[in-house]
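To keep things clear, I will list the structure first and then write my remarks on it.
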Amino acid sequence: MVHRMVEAMSQLQEEKARLQEELAALQERLALRDSDQQATSTQLQNQVENLKEKLISQAQEVSRLRSELGGTDLEKHRDLLMVENERLRQEMRRFEAELQELRAKPVAPCTGCEHSQESAQLRDKLSQLQLEVVENKGMLSELNLEVQQKTDRLAEVELRLKDCLAEKAQEEERLSRRLRDSHETIASLRAQSPPIKYVIKTVEVESSKTKQALSESQARNQHLQEQVAMQRQVLKEMEQQLQSSHQLTAQLRAQIAMYESELERAHGQMLEEMQSLEEDKNRAIEEAFARAQVEMKAVHENLAGVRTNLLTLQPALRTLTNDYNGLKRQVRGFPLLLQEALKSVKAEIGQAIEEVNSNNQELLRKYRRELQLRKKCHNELVRLKGNIRVIARVRPVTKEDGEGPEATNAVTFDADDDSIIHLLHKGKPVSFELDKVFSPRASQQDVFQEVQALITSCIDGFNVCIFAYGQTGAGKTYTMEGTPENPGINQRALQLLFSEVQEKASDWDYTITVSAAEIYNEVLRDLLGQEPQEKLEIRLCPDGSGQLYVPGLTEFRVQSVEDINKVFEFGHTNRTTEFTNLNEHSSRSHALLIVTVRGVDCSTGLRTTGKLNLVDLAGSERVGKSGAEGSRLREAQHINKSLSALGDVIAALRSRQGHVPFRNSKLTYLLQDSLSGDSKTLMVVQVSPVEKNTSETLYSLKFAERVRSVELGPGSRRAELGSWSSQEHLEWEPACQTPQPSARAHSAPSSGTTSRPGSIRRKLQPLGKSRPVPV
Ligand code: ADP
Ligand code: MG
């Protein structure tokens with residue numbers, strides 16, 4: 001049995017050796033395949049290297065051709081080739097990447113692939129099984145050793161048993177021999193009787209001895225038999241042990257067989273795995289090779305295309321050279337061509353300039369017509385609105401009005417109509433309708449808004465008169481002059497003129513001058529002169545033109561608000577030094593600010609002159625009734641005279657009389673041309689709101705209504721259109737000529753009238769002659 005076990009072991013060893021051999025063979029095959037793959041990849045790499053070389057040579061060829069050709073039309077071909085090259089390079093890079101992949105495969109075959117995992121598992125299992133086999137073999141050899149030991153002991157025991165049996169047989173034989181001898185002796189002795197007796201006795205004595213020896217022998221025999229039984233028992237046990245070890249060996253064999261079958265299966269699986277891996281690898285190599293072949297084919301085709309392109313480039317180069325030669329010839333003839341072209345262009349430009357000139361003439365004609373039309377429209381508007389407009393401004397109740405019933409408010413307004421004013425006079429309500437009524441809430445700006453259009457019309461050559469009329473303390477000076485913080489019409493008007501003139505500065509050259517005068521007791525004084533006491537006269541122009549002028553009236557050229565402020569300040573200083581009580585004096589004199597706007601159209605030479613007269617009239621209160629005497633009475637008489645002369649002139653204009661009594665007062669005489677014809681007049685009637693002033697308020701409002709009703713009738717409208725069409729202040733002078741003095745009466749003798757900005761000077765200021773207003 002042990003022998004069989006040893007035999008099985010040796011068989012197993014053989015099997016293992018065979019398996020190891022097979023494994024080695026497989027590994028060898030694998031190594032062979034790897035080397036094959038390596039060879040294929042190097043082959044592919046060589047191919048890629050070849051391609052690279054070809055590409056480089058192609059690129060060199062292209063660059064050589066480029067350097068040979070160098071023409072602008074060939075650039076496109078060159079670019080195409082470059083793009084092609086770039087594409088080929090990219091493909092090559094892709095190939096290289098693929099190759100790298102293939103190369104990496106044997107090192108880490110199918111990383112993450114299902115087969116490789118299985119194969120690794122199988123390999124693990126195999127090594128585990130091999131370990132188990134080794135362990136089992138160890139166990140088996142241990143068991144063999146034990147069996148050997150036991151067999152040795154058994155052999156020893158058997159040997160001893162044999163010895164014992166042999167010893168016993170010898171002893172038995174010896175004893176039986178002695179017994180036989182004894183029996184023989186006994187028989188012989190019996191035959192010899194007496195002696196025999198003795199002999200018997202001796203034998204009997206000797207027989208007991210023998211019997212003792214026999215029993216001893218039997219005891220020994222018994223002992224030996226017991227030992228043999230014991231040895232048999234041991235043998236039996238050992239046999240049992242042997243049997244169990246046989247069983248164990250059988251089990252182990254079965255296990256080994258199972259392991260072997262498993263090993264075989266794993267081996268088979270591994271083989272299959274390797275087979276499929278092999279197939280995969282072959283397939284990948286084949287595919288890569290096929291792809292590489294296709295790419296190679298494409299590269300070859302491209303190369304062929306590039307070659308044909310190069311072939312087509314050569315004719316293009318030839319054409320280019322031809323073109324270049326043609327151009328060279330053209331360039332040689334270019335100066336002649338240029339001269340001719342210049343000639344024709346010059347002729348064209350001359351023609352164009354002529355056309356533009358005629359267009360300009362046409363435009364100028366249209367412009368003049370437009371200007372006339374505008375003027376006409378304006379006049380029409382003035383006619384429709386009435387060229388004398390009257391507005392009322394009610395001042396707020398002030399501290400000076402005092403308290404009590406006399407200081408209560410007597411003036412109310414119409415919420416829906418801003419041209420109505422209601423006055424409660426001696427308990428009776430009286431209403432007046434004017435062009436506009438400003439309540440005490442109206443600001444300086446509100447009032448200015450109303451007169452703004454009139455002021456700008458000066459720029460267009462219209463004469464404008466703005467009067468502030470009303471009893472002393474009704475707000476005339478506030479409206480005209482205002483306060484430094486809140487200036488009135490005077491300063492705002494000049495500011496507006498500046499900004500308007502500024503806007504037109506690109507086309508027109510405007511000059512704005514101001515004069516300030518007062519009329520006190522029918523004496524005209526220059527407020528800006530060096531000698532304000534000097535009486536000024538209104539005279540006929542010595543040139544026999546019949547025009548009026550005021551010799552010695554100072555005129556300032558103003559260009560900014562600062563200039564105006566200087567002028568006003570100067571006028572004020574003059575007035576203050578002359579009169580100790582300025583307030584009283586100013587309420588009894590008419591203060592005039594005369595602004596003259598002269599303009600020349602830079603392109604046409606057209607000239608305009610407009611005059612703006614801003615008049616702060618003397619108080620309209622009727623002092624005569626209060627029984628004034630002396631100088632106060634004289635003042636009152638003069639005021640009355642001039643205000644009623646103003647009323648008469650307006651009435652004459654209203655009734656379209658042939659004779660308008662402008663000469664009845666210095667004021668109307670001075671303002672003659674600003675009150676007649678297409679001039680515009682605005683009367684601001686200042687009203688005190690309190691009860692104690694209602695009589696004067698009533699008087700002022702009546703005067704206002706009377707003035708407002710004066711309108712130019714259809715006859716005078718005709719005449720007005722006639723006077724406008726006479727173009728007195730609109731003259732055409734061709735451009736680039738020295739501007740001639742205007743024929744307009746009030747601006748005629750302009751010799752020595754050039755202004756020095758910001759400086760005070762004296763000059764003769766001619767005044768316009770009275771123009772008859774046709775009936
Ligand atoms: P006039 O010149 O008619 O004699 P003023 O212009 O001197 O009257 O006005 C008299 C007073 O009333 C002044 O103190 C003035 O400031 C004030 N005043 C006149 N009108 C207004 C107004 N609209 N708002 C505020 N105060 C005014
Ligand atoms: Mg005043």
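Indexing begins at 1, ligand by ligand and atom by atom, following the structure's order. All values below were derived from every heavy atom in this structure, side-chain atoms included, with hydrogens, water molecules and symmetry-related copies excluded.
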Hey, is ligand 1 close enough to K476 that some N/O pair sits below 3.5 Å?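 The answer is yes, given that K476 and ligand 1 share an N or O pair closer than 3.5 Å.
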
Would a 4.0 Å cut-off, counted as strictly less than, catch a protein heavy atom around [atom]?
| atom | value |
| --- | --- |
| atom 14 (O) of ligand 1 | no |
| atom 11 (C) of ligand 1 | no |
| atom 25 (C) of ligand 1 | yes |

Between F703 and M683 the two heavy atoms that sit nearest each other are CE2-CE, 3.6 Å

Residues Q471 and E621: closest non-hydrogen pair is CA-OE1, 3.3 Å

Checklist entry - Any idea which atoms of ligand 1 are less than 4.0 Å away from a heavy-atom of Q471? => result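 Near Q471, meaning under 4.0 Å from one of its heavy atoms, ligand 1 has 3 (O).
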
For T472, the atoms of ligand 1 under 4.0 Å from one of its heavy atoms are 4 (O)

- Message: Taking only non-hydrogen atoms of R393, do any sit less than 4.0 angstrom from ligand 1?
- Response: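 Yes, that is the case, since the closest heavy atom of the residue is under 4.0 Å from the ligand.
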
For ligand 1, is P396 a contact, meaning one of its heavy atoms is under 4.0 Å away?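 The answer is yes: ligand 1 sits under 4.0 Å from a heavy atom of P396.
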
N/O donor-acceptor pair under 3.5 Å between N640 side chain and Q637 backbone
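No; zero donor-acceptor contacts below 3.5 Å.
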
Measure the distance from [atom] to every protein heavy atom, then report the residue, atom name and distance (to 0.1 Å) of the closest one.
| atom | value |
| --- | --- |
| atom 21 (C) of ligand 1 | Y478 CD2, 3.4 Å |
| atom 2 (O) of ligand 1 | T477 OG1, 2.7 Å |
| atom 20 (N) of ligand 1 | R395 CB, 3.4 Å |
| atom 17 (C) of ligand 1 | T398 CG2, 4.3 Å |
| atom 4 (O) of ligand 1 | G473 N, 2.7 Å |

* Hey, is the Mg ion (ligand 2) within less than 2.8 Å of some N/O/S atom on T472? ->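 No, outside the cut-off.
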
query = Hey, is R395 close enough to E400 for a salt bridge, meaning N to O under 4.0 Å?
reply = no

| request: Give a yes or no on whether a salt bridge exists between E635 and R632, defined as a side-chain N under 4.0 angstrom from a carboxylate O. | output: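 Judged by the 4.0 Å cut-off on N to carboxylate O distance, E635 and R632 do form a salt bridge.
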
Q) Are any non-hydrogen side-chain atoms of Y669 and V649 less than 4.5 angstrom apart? A)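 A side-chain contact is absent here, since even the closest heavy-atom pair is not under 4.5 Å.
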
Under a 3.5 Å threshold, yes or no: a donor from one side chain and an acceptor from the other, between T456 and E500?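 Absent: no donor and acceptor within the cut-off.
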
Which of L528, L494, T554, L527 passes side-chain contact (heavy atoms from CB on, under 4.5 Å) with V567? Answer is L528

| Q445 CD: over 12 foreign heavy atoms closer than 6.0 Å | yes

### Cation-pi, Y510 ring and K504 (6.0 angstrom, 45 degrees)
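No, K504 does not sit over the ring of Y510.
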
Checking heavy-atom distances from atom 9 (O) of ligand 1 to each of A591, S620, A618, G475, the winner is G475

